[in-house]
Amino acid sequence: MQFRAWLLRRQQLQGRRRRPAAPLPQALAGTLQNPYKHGHGFNGERMYWSRTLIPTSREVPADADILSHQLMVRAGLVRRLSAGIYDWLPLGWRAMQKICGIMRQEMSRIDAEEIQMPAVVPAELWKQTGRYFDYGPLLFKLKDRKDAEMILGPTHEEIVTELVKASVSSHKQLPLTLYQIQQKFRDEARPRSGLLRVREFIMKDAYSFHSSLDSLGQTYHDMFNAYVRIFKRCGVTAIPVEAESGPIGGDASHEFICPCAAGEDVIARSEDGSYAANLERADRQIPADVSFPIASADVAAQLQRIHTPGAASMEQVCAFLHVASQQMIKTLVFARSEAAGGGFVVACVRGDHEVNEAKLRRLVGHVQLADDAAARAAGFVIGFVGPHVVNQTGAQLVIDPDALAMTAAVTGANETDYHVTNFNWINHVEAQHRSKAQVADIRNVVEGDKSPGGSRLTLDKGIELGHVFKLGTKYSKALGAVYLDDKQQSQPMIMGCYGIGPGRIIVAALETLSDKDGIVWPVNIAPFEVLITPIRYEGQAKTVADELHAQLAARGVDVLLDDRDQRPGVKFKDGDLIGIPLRIVLGEKGLATGQVELKRRTSATPEMLPLENLADRLGKIIDEMRPKV
RNA sequence: CGGGGCGUAGCUCAGCUUGGCUAGAGCGCUUGGUUCGGGACCAAGAGGUCGCAGGUUCAAAUCCUGUCGCCCCGACCA
């Protein structure tokens with residue numbers, strides 16, 4: 001390197017070091033109206049583009065096929081290291097930290113206290129609750145040097161229960177709510193959809209402990225409201241829906257779903273807005289007086305047996321016989337667990353419907369789709385089963401009302417490569433089995449079904465952002481977490497758990513709010529609130545840019561200065577891509593008249609602002625942009 | 001786990017069918033110059049064990065076998 005160049009470089013570096021440091025957040029706390037004054041998230045931080053890492057890209061990454069994933073990589077938020085494993089780069093990490101800051105504030109409001117539990121935990125605890133086996137291959141497992149089995153925690157019910165068990169022994173110490181924001185590990189069979197389903201992710205998980213169901217209900221209610229506030233402040237849509245609730249039942253579980261096409265969950269909502277539930281949970285209105293229908297006289301009473309070689313699936317049979325799936329009865333054979341009484345359950349739904357296992361389980365106890373070999377051994381010709389199989393096997397029969405209403409159905413013949421037509425319940429299922437049959441809603445709802453309140457249901461895909469859940473005593477009983485009540489009786493603690501995936505909030509924001517030019521951050525989770533873009537970072541523009549940079553930071557605004565020696569077009573394109581809510585453009589024309597240009601990311605046209613009190617003015621604009629909660 | 005696709009420069013890709021000279025393009029990067037309000041231009045450069053291993057062949061990015069990794073659909077899954 002030439003000496004002059006070396007000297008110049010050295011002077012530049014020294015110049016950098018002499019630049020005054022940004023003021024400490026504490027110095028500002030009392031003077032400012034901003035949402036991070038509790039010391040979480042950021043508080044008037046400033047950064048120079050040239051000194052941080054924002055690897056933007058014009059190219060769409062080849063391994064990203066959903067919008068949020070493409071944007072996260074193109075805008076330099078994340079980088080994939082392995083399947084479902086990502087680096088978080090400065091911009092993405094800042095957004096994450098802001099979300100975490102909001103969550104901390106809202107947890108604090110409802111008296112939940114933050115803790116930090118280990119990511120590496122002994123497998124033994126997980127064996128005690130049975131989840132070591134329930135989770136199976138989803139667990140990351142490892143051994144320490146003494147050959148002790150450890151796992152990387154996918155969630156922390158066991159650990160927090162163990163903690164509280166050791167430290168709480170009286171009802172006077174309850175209720176208690178603890179939470180953490182921590183790394184989780186799940187060895188997903190198939191990580192997918194970019195940052196939506198990953199193997200290592202951050203989760204805010206809260207756990208509450210109670211001495212009464214009323215107390216649990218109160219905390220559940222508080223947590224529910226805190227979640228509503230969190231999502232609103234983050235600027236993402238999150239619809240609370242009823243979710244599968246396990247043993248406690250009732251209103252014991254809600255998910256917060258952001259409707260969008262990239263989502264993996266399906267939710268059902270009524271058009272009158274009074275009902276929303278996860279598809280797994282969604283109920284429908286069924287007539288009160290369902291009974292076995294009498295086939296009309298023009299339907300032959302005899303089954304018509306038809307050779308359907310190799311056609312064992314619904315589509316194959318429909319295509320082979322040229323019938324619509326609505327004319328068919330789908331008959332599925334389930335095996336009931338020994339604990340629930342054993343035996344087989346035959347579930348019948350209309351051909352175009354799907355059995356909902358959760359509904360079936362609520363009705364008949366724990367079942368799962370029967371093992372092929374076991375079912376065949378018991379006389380079920382898998383692939384060609386019809387409802388009348390119960391005549392031979394005596395299995396329990398469960399019929400969905402829509403299947404029950406059919407009087408000339410096509411269904412399996414109970415022999416290989418044969419189906420039957422003209423099936424009807426009265427003629428072909430023996431009376432003794434009809435009388436024992438249960439008729440109930442056992443299928444997934446479909447678009448157009450009636451909600452329990454009678455309004456029309458619609459279905460949408462969505463991203464699960466959060467989940468609140470009444471756990472009951474499952475973990476406290478398994479791990480012996482008990483307290484002494486006011487009558488000196490030992491009682492298992494009643495628990496609730498509550499999770500939010502901040503990474504998914506980012507995904508949801510990008511999926512639902514971006515435009516063709518890039519990200520459009522909601523102000524509260526934007527990595528920076530203001531982007532200063534001098535057309536050329538020199539002369540008066542540089543002076544004004546630096547001053548504004550410092551003033552905004554001093555006022556508590558997070559601000560990024562694009563000090564790169566790049567052409568304006570490059571800066572504008574990059575600015576749009578990374579989606580900072582407000583952009584201040586400093587150009588010669590405006591500065592000559594004492595004005596700067598304000599371009600909102602959400603607006604196509606800029607507005608001119610005078611230089612006087614610019615930082616204050618911008619601060620107010622930002623405050624106005626924040627969602628009111 | 002079943003089905004499909006893909007691994008060549010930091011990124012996006014061509015070359016492979018039909019083996020053959022020093023492995024290419026665009027973007028990005030470096031240096032110099034001209035530019036400078038929506039991803040500039042000129043010139044000169046740096047950068048690749050063609051995922052890895054083995055095999056066939058005089059010769060392999062190219063053909064064969066194995067293996068690892070990644071993406072998509074499904075199964076599974078809070």
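Every chain is numbered from 1 and lettered A, B, ... according to where its sequence line falls, protein lines coming before strand lines.
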Applying the Watson-Crick and G-U wobble criteria at under 3.5 Å, what pairs with [N]? Answer none if nothing qualifies.
| N | result |
| --- | --- |
| B/A40 | B/U34 |
| B/G19 | none |
| B/U65 | B/A53 |
| B/U12 | B/A25 |
| B/C70 | B/G5 |

Open item on the list: Take a 6.0 Å sphere around CD of A/E588 and say whether it holds more than 12 heavy atoms from other residues, nucleotides or ligands.
Closed with: no

Open item on the list: Taking atom CD as the centre, does A/E354 end up with more than 12 heavy-atom neighbours from other residues, nucleotides or ligands that are less than 6.0 angstrom away?
Closed with: no

Please confirm whether any donor atom in the side chain of [X] sits under 3.5 Å from an acceptor in the base of [N], or the reverse.
| X | N | value |
| --- | --- | --- |
| A/E280 | B/A78 | yes |
| A/Q566 | B/G38 | no |
| A/R564 | B/G39 | no |

Distance-only side-chain donor-acceptor flag, [X] / [Y], under 3.5 Å:
| X | Y | value |
| --- | --- | --- |
| A/E357 | A/Q368 | no |
| A/D574 | A/T56 | yes |
| A/E157 | A/T155 | yes |
| A/D546 | A/Y537 | yes |

Heavy atoms under 4.0 Å, any strand shown: does [X] hit a base, just sugar-phosphate, or nothing?
| X | value |
| --- | --- |
| A/A83 | sugar-phosphate |
| A/R186 | sugar-phosphate |
| A/R197 | base |
| A/I535 | base |
| A/S193 | sugar-phosphate |
| A/V585 | base |

At less than 4.0 Å, is any side-chain N or O atom of [X] found next to OP1 or OP2 of [N]? Yes or no.
| X | N | answer |
| --- | --- | --- |
| A/R190 | B/C73 | yes |
| A/S82 | B/C70 | yes |
| A/R567 | B/A40 | yes |

Open item on the list: Name the residue from A/F224, A/Y220, A/F469 that meets the side-chain contact (heavy atoms from CB on, under 4.5 Å) definition with A/Y498.
Closed with: A/Y220

Open item on the list: Before you tell me yes or no, could you show the steps for A/D63 and A/R80 under salt bridge (charged side-chain N to carboxylate O under 4.0 Å, His left out), namely the whole-Å CA-CA distance, both residues' side-chain angles and the distance that decides it to 0.1 Å?
Closed with: CA-CA 10 Å; A/D63 60 358; A/R80 190 183 62 74; 2.9 Å; yes

TODO: Compare the minimum distances between each of B/G37, B/C13, B/A78 and the side chain of A/N278, then state the nucleotide with the smallest one.
DONE: B/A78

Open item on the list: Nearest whole Å is fine: how far is B/U30 P from A/D565 CG?
Closed with: 11 Å

Task: Within residues 594-608 of chain A, residues whose heavy atoms come under 4.0 Å of RNA chain B - done: A/E597

